[in-house]
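Since the structure comes first, as structure tokens, the remarks are kept for the end.
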Amino acid sequence: MYCCSSHSFSIPSSSSRQCLPLSSAYNPSRRLALFHLTTAIPQPALFGGKDSILLTLDGNAMETSTVANIVQPTTVVNEQNALEWVKNDKRRMLHAVYRVGDLDKTIKFYTECLGMKLLRKRDILEEKYSNAFMGYGPEDSHFAVELTYNYGVDKYDIGTGFGHFGVAVEDVMKTVDFIKAKGGKVTRDPGPVKGGNTIIAFIEDPDGYTFELLERGPTPEPLCQVMLRVGDLDRSITFYKKAFGMELLRRKDDPENKYSTAIMGYGPEDKNVVLELTSNYGVKEYDKGNGYAQIAIGTNDVYKTAEAVKLCGGIITLEPGPLPVINTKITACLDPDGWKLVFVDNIDFLKELDQLV
């Protein structure tokens, strides 16, 4: 889900809430009406000039030709200029979304044990959920995690596909000792990574999400990794390079332990959050569970982004366009393994953050 401000909005991956029937949940006065876009009907490409079908907030279908003021591509693109444009787009990973069973308990763990800051928090009583953004700096320049608590749901299935988040710390041993003293669970004691010299450790948060602690010097982005498992690493590398404009920062093949990893990102991994893709030999599919939701990424043009994703084999689950009421432009998609991602217009994202002040 992508959320911002008290005049806020959210973009679910398949809804971070427990799904409600569209008709029963809809109220046109609610500032969070965009949750209902989660059931948008997949449409033909808007760039072909054909009429498409969009699900209205009351659950009824309508042609996009009748709502051109709502869904209006800015530029018609073809394969060549779409993929070329992706390379020059201004992109940044904004936040990752996942669900937790006790929001206050998780906030306390992240602030006291991992040193994160509570950037913002809100309770939406009428929608029966709360969420909180956590991180190490302002959202206009830092990666964050968005925690979502659905009232009455105290446990989620993390599945086998999600790997871990990475946090860079200056002293892993000291951090682990501190976390143990606070009652935190350590699943891998400090020590060098296999085949390398970097000191790492693994811990679990109260919901069982894994965090890898990596020993590094001072960095502008301590919340430095999101690790996902994929079925075909070469396919994923190609997709994220072409469709998402990410760089392959490094790759490691480990035949002895039967896995390969690729570090993908928008800049050096000592200064930016990166996406770590892991492929275990012989495993083509993973259970994604219902805990981890999606990653949000900034872009200068959601229309061109959506077209590039389609051209590279990704699936658009929410066609690009401005959202009702707030007019922030977004598009949502699936990568070849079914991982959900949302692209958000860069200027609109900053405008939403400005409303928090």
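Count residues from 1 along the sequence. Since the model is a prediction, treat every value here as computed from it, not as a measurement.
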ring-ring contact (aromatic ring centres under 6.0 Å, His included) contacts in which one or both residues fall within residues 310-329, not counting sequence neighbours: none
Near-ring test Phe165/Tyr98, centroid separation under 6.0 angstrom: yes
Verdict with reasoning, His164 to Phe202, per side-chain contact (heavy atoms from CB on, under 4.5 Å): CA-CA 9 Å; His164 63 258; Phe202 284 95; 3.9 Å; yes
Hydrophobic cluster identity match, Met246 and Val86, side-chain contacts under 4.5 Å: no
Tyr266 vs Asp89, side chain to side chain donor-acceptor pair (under 3.5 Å): CA-CA, chis, key distance, verdict: CA-CA 11 Å; Tyr266 294 112; Asp89 188 20; over 6 Å; no
Residues forming a ring pair (Phe, Tyr, Trp, His ring centres under 6.0 Å) with Phe178, sequence neighbours excluded: none
All ring pair (Phe, Tyr, Trp, His ring centres under 6.0 Å) counterparts of Phe143, not counting sequence neighbours: none
Close side-chain approach of Leu119 to Tyr136, heavy-atom, < 4.5 Å: no
Glu276 vs Thr278 side-chain heavy atoms within contact, under 4.5 Å: yes
Salt-bridge present (Arg216, Glu269; N to O < 4.0 Å): yes
Side chain proximity check, Ile297 to Leu341, heavy atoms < 4.5 angstrom: yes
Ion pair check, Lys185 and Asp205, cut-off under 4.0 Å: no
Within 45° cone of Phe133 ring axis and under 6.0 Å: Arg120 NZ or CZ: yes
For Asp234, side chain to side chain donor-acceptor pair (under 3.5 Å) partners two or more places apart: Arg251
Side chain to side chain, Val153 and Arg99, heavy atoms closer than 4.5 Å: no
Residue pairs, two or more places apart or on separate chains, that pass ring-ring contact (aromatic ring centres under 6.0 Å, His included) and touch residues 230-255: Phe239-Phe244, Tyr240-Phe244, Phe244-Phe343
Contact check, side chains of Met227 and Thr210, non-hydrogen atoms, under 4.5 Å: no
Set of residues satisfying side chain to side chain donor-acceptor pair (under 3.5 Å) with respect to Asn197, sequence neighbours excluded: none
Set of salt bridge (Lys or Arg N to Asp or Glu O under 4.0 Å) partners for Glu221, sequence neighbours left out: none
Tyr281 with Ile237, same ILVMFWY side-chain cluster at under 4.5 Å: no
Where at least one partner belongs to residues 147-172, residue pairs that pass salt bridge (Lys or Arg N to Asp or Glu O under 4.0 Å), sequence neighbours excluded: none
Audit row: Asp348, Thr328, side chain to side chain donor-acceptor pair (under 3.5 Å) steps and yes/no: CA-CA 5 Å; Asp348 292 347; Thr328 294; 4.7 Å; no
Thr175: side chain to side chain contact (heavy atoms under 4.5 Å, CB included) partners, not counting sequence neighbours: Val169, Ile179, Leu213
Counterpart residues, side chain to side chain donor-acceptor pair (under 3.5 Å), relative to Asp207 (two or more places apart): Thr106
Residue list, ring pair (Phe, Tyr, Trp, His ring centres under 6.0 Å) with Tyr110, at least two apart or on another chain: Phe211
More than 12 heavy atoms from other groups under 6.0 Å of NZ on Lys271: no
Backbone of Val172 reached by a side-chain donor or acceptor of Glu215 within 3.5 Å: yes
Those residues that, when tested against Ser260, pass side chain to side chain donor-acceptor pair (under 3.5 Å) (two or more places apart): Asp253
Heavy-atom neighbours of Lys108 NZ exceed 12 at 6.0 Å: no
Leu118 side chain near Met134 side chain, heavy-atom distance below 4.5 Å: yes
Plane angle bin for His95 and Phe349 - parallel if under 30°, tilted between 30 and 60°, otherwise perpendicular: tilted
Criterion side chain to side chain donor-acceptor pair (under 3.5 Å) on Asn131 and Thr148, from CA distance to verdict: CA-CA 4 Å; Asn131 61 20; Thr148 299; 4.7 Å; no
Closest non-hydrogen atom pair, Ile330 against Leu318: CD1-CD2, 2.8 Å
Atom pair NZ (Lys310) and SG (Cys333), whose distance is rounded to the nearest 0.5 Å: 11.0 Å
Salt bridge Arg229-Asp287, side-chain N to carboxylate O under 4.0 Å: no
